[in-house]
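Data first, discussion second: the structure below is written as structure tokens.
The first residue in the sequence is number 1, and the count goes up from there. Fair warning: this is a prediction, and the values are worked out from it, not measured in the lab.
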Amino acid sequence: MQAPIEPLAHKLAGTRRYQKMILILAGIAWVLTVTLVIALLCYHVDKMLALSSGARVLWRTFTLIMGLLSILLLCVWAGYRRISDAHIATH
């Protein structure tokens with residue numbers, strides 16, 4: 001009687017991996033979109049306030065570090081998050 005359950009469990013595990021990858025990619029897309037919006041905002045703030053070259057480098061570095069840190073945290077969170085069977089069944 002255990003034979004039909006094993007292929008189903010294997011298929012469920014594959015679907016779970018696929019859903020995790022989709023969540024990671026969707027999160028990366030959101031982070032990149034927010035980073036782009038922040039970069040445009042920084043550009044216009046710099047244009048209006050005429051920041052010094054040191055402030056520009058600091059501003060750019062801070063934005064880049066925050067974006068990379070967000071992507072890293074998102075990937076770690078999505079990798080360790082348990083996806084319920086009900087969520088997999090509905091999607």
Side-chain angles (χ1 to χ4, degrees):
M1 280 284 174
Q2 294 241 4
I5 294 175
E6 290 177 16
L8 183 61
H10 182 67
K11 188 172 184 177
L12 190 60
T15 305
R16 198 172 261 126
R17 277 192 307 272
Y18 176 75
Q19 284 290 327
K20 280 187 182 186
M21 187 57 63
I22 294 296
L23 287 174
I24 288 171
L25 292 175
I28 289 172
W30 274 108
V31 168
L32 290 176
T33 302
V34 170
T35 303
L36 180 65
V37 168
I38 289 172
L40 285 171
L41 182 66
C42 290
Y43 170 76
H44 288 290
V45 166
D46 178 40
K47 191 175 174 182
M48 287 179 5
L49 298 178
L51 295 174
S52 68
S53 62
R56 280 188 195 131
V57 169
L58 232 102
W59 198 248
R60 207 173 297 144
T61 305
F62 175 75
T63 304
L64 182 65
I65 288 173
M66 284 294 138
L68 292 175
L69 185 62
S70 299
I71 290 172
L72 177 68
L73 288 175
L74 174 76
C75 289
V76 168
W77 174 75
Y80 285 112
R81 184 175 155 221
R82 172 98 171 122
I83 300 174
S84 69
D85 292 341
H87 179 77
I88 291 173
T90 58
H91 297 294

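Going from atom NZ of Lys20 over to atom CG of Leu25 covers 14.0 Å, rounded to the nearest 0.5 Å.
Residues satisfying the side-chain contact (heavy atoms from CB on, under 4.5 Å) criterion with Ala26, sequence neighbours excluded, are absent altogether. Partners of Arg16 under the side chain to side chain donor-acceptor pair (under 3.5 Å) rule, at least two apart in sequence or in another chain, are Asp85.
Taking hydrophobic clusters as Ile, Leu, Val, Met, Phe, Trp and Tyr residues chained together by side-chain heavy-atom distances below 4.5 Å, Leu58 does not share a cluster with Leu69.
Taking a 4.5 Å side-chain heavy-atom cut-off between Ile, Leu, Val, Met, Phe, Trp and Tyr, the cluster of Ile22 extends to Tyr18.
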